[in-house]
Amino acid sequence: MAAKQKTGSAAFSGGSCRAESMEPVLPMLLVPVRSEAIERLGSRAQMHREQEVLGSLTAAGSLQVLSLAPGGPGGGGCCLKGPFGHFVWEDSHNGTSTDKPKLLAFCENYELLIYEFNLKDGRCDATILYNCSGKTLQKLIEEQGVSISLLSLRILSFNNNTSLLFINKCIILHIMFPERDSEIRVLSCFTLSLPTQTVNTIIDMQLCRGVLFVLSSLGWIYIFDTVNGRNVAHVELALYQENVYNKQQQEPAKISSFTSLKVSQDLDVVIVSSSNSAIAVNLNLYFRQYPGHLLCERTLEDLPIQGPKGIDEDDPVNSVHNMKLTKFSFQVDRSWNAQLSSLKETIKSSKREVSCCTSWFQDILHLESPESGNHSTDVPSCAFLPRAMMHGQFNFPQKAHMKTSDRGKAWKLMHLSEQEEPVELTCMSVTGFSALFTWVVGMTGCTIVLWDLETQGMQCFFLGQKCIPIDNSGDQQLCLLLTENGLSLILFGLTQEEFLNRLMIHGSASTVDSLCHLNGWGRCSIPIHALEAGIENRQLDTVDFFLKSKENLFTLSSKSSVPDQFDHLPPSHLYLRNVEELIPALDLLCSAIRESDSETQSKHFSEQLLSLTLSFLNKQMKELCIHTEEIDEHLQKAVDILTSYINELRTFMIKFPWKPTDTIDEYNVSESVSTVKESDIWEKLSSEEVIANAILNNKIPEAQTFFRSNSHSAQKLEELIRIGLGLVFDSLRKNNIKEVSELLKNMGFDVKDHLLKICFYTTNRNIRDYLVEILKEKNYFSEKEKRTIDCVHQVEKFYSGRLQGNLQIRSFPRYWIKEQDFFKHKSILDSFLQYDCKDEFNKLDHAIALNWAQWWDQPMQEYILLPRISPEEYKLYSPEALWRYLTAHHDWLNIILWIGEFQTQEGYLSLQQSKWPPLTVDVIDQNTCCNNYMRNEVLDKLARYYNC
């Protein structure tokens, strides 16, 4: 993701945004999305809580829905024309969740529509499940005794087929949409008790955990319980002016300038923002300072004394639960453990901040309305967001210099200096500790601002112009955006290595590997305790990722990861240090293999762990041999360490040739290998037959042991594989593709890739054509390769000496050809493919290697074929190649014929009647290869035509 960090400037006057005080910021790409799909979206987007899909309203009112499913094309979606005024995704985490997300939207005339989307196989198909016209909606309201005309509508929530609607800025309508043949039903309807003349001043609202917050331009925030419509509290924003001016000596912003609000999921902080400033109101402290603004305090007799379900009323647990509701300090449980626990809680509570005291909303009878889920405990689950990624992403350390007086302030201000260009400051999310904003100044681009409510510090991250913020509901303060590359996440307070290490421990290695590949990150150094956790939990992907992260330590040509104090050491010494640092991890792997190998139920895990470790060690030995010409004492020690582990682990291999138990240590090779079961059978066969039998029956180690006893060169694996490949070629001559596939597979080759290599590099026409037929049936060739094969067949047909007698090929004197190397392939093909019965060499059936023909581009293919075709086929070739060919050979007769038809083409001669390809002035100008005399003749001919 192309993004750069923007340090503080004079524009940030309310908080610290200096580079030296900034915590690390980590941007990452989660899902790549095609740029054309992003360009169709509006300025903001809203993501579904559980499905990989988001929606966005454009300026024209259309609703763009974009699928982010991992298996999709990365930008598949659909467009709903509308025009729409507002939409909300269904939140069904309390009900039965399906793989088909739904959304509720309203369009012109206040018609409500429920859409369902099918996201399978990368599709995004929309279906209308239900629609409710504006007249029907108004009729439902009138049936509840409220007579109005629809002037405004806002969807507050859509959950489990029910919805809360905010109508005309004063009416809350709770409806349930029909299922099957039933009708739409009203669950509740009431008018909010707003002061007179306030309805027309409402500019923003938010529903959070069943509590509705309404912002008025007059400087008030009204808080309502959506279950019964009761006004539970209000906040007077005008009170902050005196507080800010007296304590911070800053000019307060005008109340009328605030246009939006955002409430935290814990209902403890509300953010009110304008174009250049924002106020954070700690509601717990505010209502302690102004208790008269809290209108819903309950008395003790109002409290519902009811014990937990499943607990007997005489049980002490029930008594403890009831005592917590009555505010009494009497301790029911008088045991010693209970007394210690009580003292511990008392000590803890004495250290807590004022903000941790009793919440202001504890006296609201219905904190959660039926349509809202328990947001305080639920975490949104997205397929591309690992759970470990969604906890603790903003890691602000505790600041020792933070003033004690700042911690208990109910009002906090973030002010940005005035800008000449249009400015838009929008709060994306807020918690009790921080708030996240997007700040857009004119056409300069978007900046992400993280405001720490405890320290009043700010962190800024500049993203550029192509940035779409994503609104996502839930507890987690996720900074999700759509950039020009796709869906991205920004983490504050974490470095790349810290994040990946944490994700490795709490997530999975496959997720870490995918993120590193997607963002182009190099493999970081994974701690050994992550490897230990992976082995303990049988997570082979973690072990594999750990070993891959250590591969760079063994590449002498790469930059060493050793600290700077060791830079003066020679490379071989640094290499030895890297190997020695890996000894604890190798010991851990060997110990795990040894322990799991002794247990029958862990045998499979042991084999997989052994394969990963041996592959890693063998690769490092290979890299060492490639990058080192001479081994010194340091490299020799490193080799000895690696070899010792390889020798130890080889004893756990399934087909390792064990020494017979009844032999003594002083045994020779011939005595130890005589125990091979197949020795009696193999003694009667030739070496090729032994190797074929061993490979086909997966007994290569036994065959090596057999050949070692006979002092045969095939005891070496390289020689055995070489002979095996010769057997593959012999089987291809017999057209035995089944045996060929089995031989290649058992020798460890990729059957498809190796057959393609043989097909493209062999000059044996029978084998090549046989493989072409087999591989075509399995659709292994690309379109380009298919065209190459067809071209080779044509070349062999035209240049074969057997066919030359049947073709009337006109020859030209060599001095007529201007470009002597223009057809340099012709002489080679003539000498190689021509057939002469007197020539013993040419009696063989030669063929062109397909790999050679792969380097021929389209013009070159035509140059090769043109000398061997008849004039009737000229129209099938490109005019550029044909004109170069004719002019290079000074074929004046055909040139005149072509120019004549070119003149006829200008007279609208039909393509069916044409015998030549279209001829243009550019073709003549750029592809003429004749001498000056003929060039002038051609120009004169064309000039006479145009003068006519």
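Numbers here simply count residues along the sequence, with the first being 1.
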Apply side chain to side chain contact (heavy atoms under 4.5 Å, CB included) to Leu487 and Leu29, showing your working.
CA-CA 6 Å; Leu487 180 66; Leu29 180 65; 5.7 Å; no

With distance as the sole test, does Asn519 use its side chain to make a donor-acceptor pair with the main-chain N or O of Trp521 at under 3.5 Å?
no

Decide side chain to side chain contact (heavy atoms under 4.5 Å, CB included) for Leu491 and Phe499; before the verdict, give the C-alpha distance in whole Å, the side-chain angles of both, and the deciding distance to 0.1 Å.
CA-CA 9 Å; Leu491 300 181; Phe499 167 71; 3.4 Å; yes

Test side chain to side chain contact (heavy atoms under 4.5 Å, CB included) applied to Val65 and Phe117, step by step:
CA-CA 9 Å; Val65 179; Phe117 300 90; 3.7 Å; yes

Is there a side-chain contact between Tyr222 and Val232 in this structure, where contact means two heavy atoms from C-beta onward sitting under 4.5 Å apart?
no

Minimal non-hydrogen separation, Ser35 against Glu484, with atom names:
CB-O, 4.3 Å

Looking at OG1 of Thr438 and CG of Leu481, how far apart are the two atoms once the value is rounded to the nearest 0.5 Å?
8.0 Å

Do Ser216 and Thr198 get their side chains close enough for a donor-acceptor pair, meaning under 3.5 Å?
no

Using distance alone, with no hydrogens and no angle criterion, decide if Ser277 and Ser274 have a side-chain donor and acceptor under 3.5 Å apart.
yes

CA sep, side-chain torsions, deciding dist, call: Leu450, Asp452, side chain to side chain contact (heavy atoms under 4.5 Å, CB included):
CA-CA 6 Å; Leu450 181 65; Asp452 188 348; over 6 Å; no

Is any side-chain heavy atom of Ile271 closer than 4.5 Å to one of Leu261?
no

If we ignore hydrogens and angles and just use 3.5 Å, is the side chain of His517 paired with the main-chain N or O of Val512 as donor and acceptor?
no

Would a 4.5 Å heavy-atom cut-off, applied to side chains only, mark Val270 and Ile221 as touching?
yes

When every non-hydrogen atom of Ile155 is compared with those of His86, the smallest separation belongs to O-CE1, 3.1 Å

For Trp360 and Phe287, take the angle between the two ring planes, folded into 0 to 90°, and tell me which bin it lands in: parallel under 30, tilted 30 to 60, perpendicular over 60.
tilted

Considering only heavy atoms from C-beta outward, does the side chain of Leu57 approach that of Gln46 to under 4.5 Å?
no

Locate the shortest heavy-atom distance separating Gly493 from Glu498; write the atom from each residue and the value.
O-OE1, 4.2 Å

Give, for atom CG of Leu30 and atom CG of Leu478, the distance between the pair rounded to the nearest 0.5 Å.
9.5 Å

Closer than 3.5 angstrom, by distance alone: can the side chain of Asp266 be matched with the main-chain N or O of Asp268 as a donor-acceptor pair?
no

Determine whether the side chains of Ser264 and Thr431 contain a donor N or O and an acceptor N or O closer than 3.5 Å.
no

Report yes or no: does Asp204 contribute a side-chain atom to a donor-acceptor pair with the main-chain N or O of Leu215 at less than 3.5 Å?
no

What heavy-atom pair brings Phe158 and Ser163 nearest, and what distance separates the two atoms?
CD1-CB, 4.3 Å

Indicate yes or no: at least one non-hydrogen side-chain atom of Leu156 is less than 4.5 angstrom from one of Leu212.
yes

When you measure from the side chain of Gln206 to the backbone of Val263, do you find a donor-acceptor pair of N or O atoms at a distance under 3.5 Å?
yes

Are Cys79 and Gln64 close enough that some pair of their side-chain heavy atoms sits under 4.5 Å apart?
yes

Not counting sequence neighbours, which residues clear salt bridge (charged side-chain N to carboxylate O under 4.0 Å, His left out) with Glu36? List them please.
Arg34

Quick check: does any side chain N or O of Arg209 sit under 3.5 Å from a backbone N or O of Gln265, one acting as donor and the other as acceptor?
yes

Which atoms form the tightest heavy-atom contact between Ser62 and Thr58, and what is the distance?
OG-OG1, 2.7 Å

Side-chain heavy atoms of Ile279 within contact of Phe258, under 4.5 Å:
yes

Is there a donor-acceptor pair closer than 3.5 Å between any side-chain N or O of Ser56 and the backbone N or O of Gly42?
yes

Can you give me the closest heavy-atom contact between Gly210 and Thr226, atom names plus distance?
O-OG1, 2.7 Å

Does His234 offer a backbone N or O that forms a donor-acceptor pair with the side chain of Trp220 under 3.5 Å?
no

Please confirm whether the backbone N or O of Leu453 pairs with a side-chain atom of Lys412, one donor and one acceptor, at under 3.5 Å?
yes

Separation of Gln459 CD from Trp451 CH2 (nearest 0.5 Å)
14.5 Å

How long is the span from the OG1 atom in Thr495 to the CG atom in Leu500, to the nearest 0.5 Å?
8.5 Å

To the closest 0.5 Å, what do you measure between SG (Cys208) and CZ (Phe213)?
6.5 Å

Heavy-atom check, side chain of Leu164 versus side chain of Leu207, under 4.5 Å:
yes

For Tyr286, ring-ring contact (aromatic ring centres under 6.0 Å, His included) partners two or more places apart
Tyr290, His293, Trp411

Which distance, rounded to the nearest 0.5 Å, do you find between the CE of Met28 and the CG of Leu494?
8.0 Å

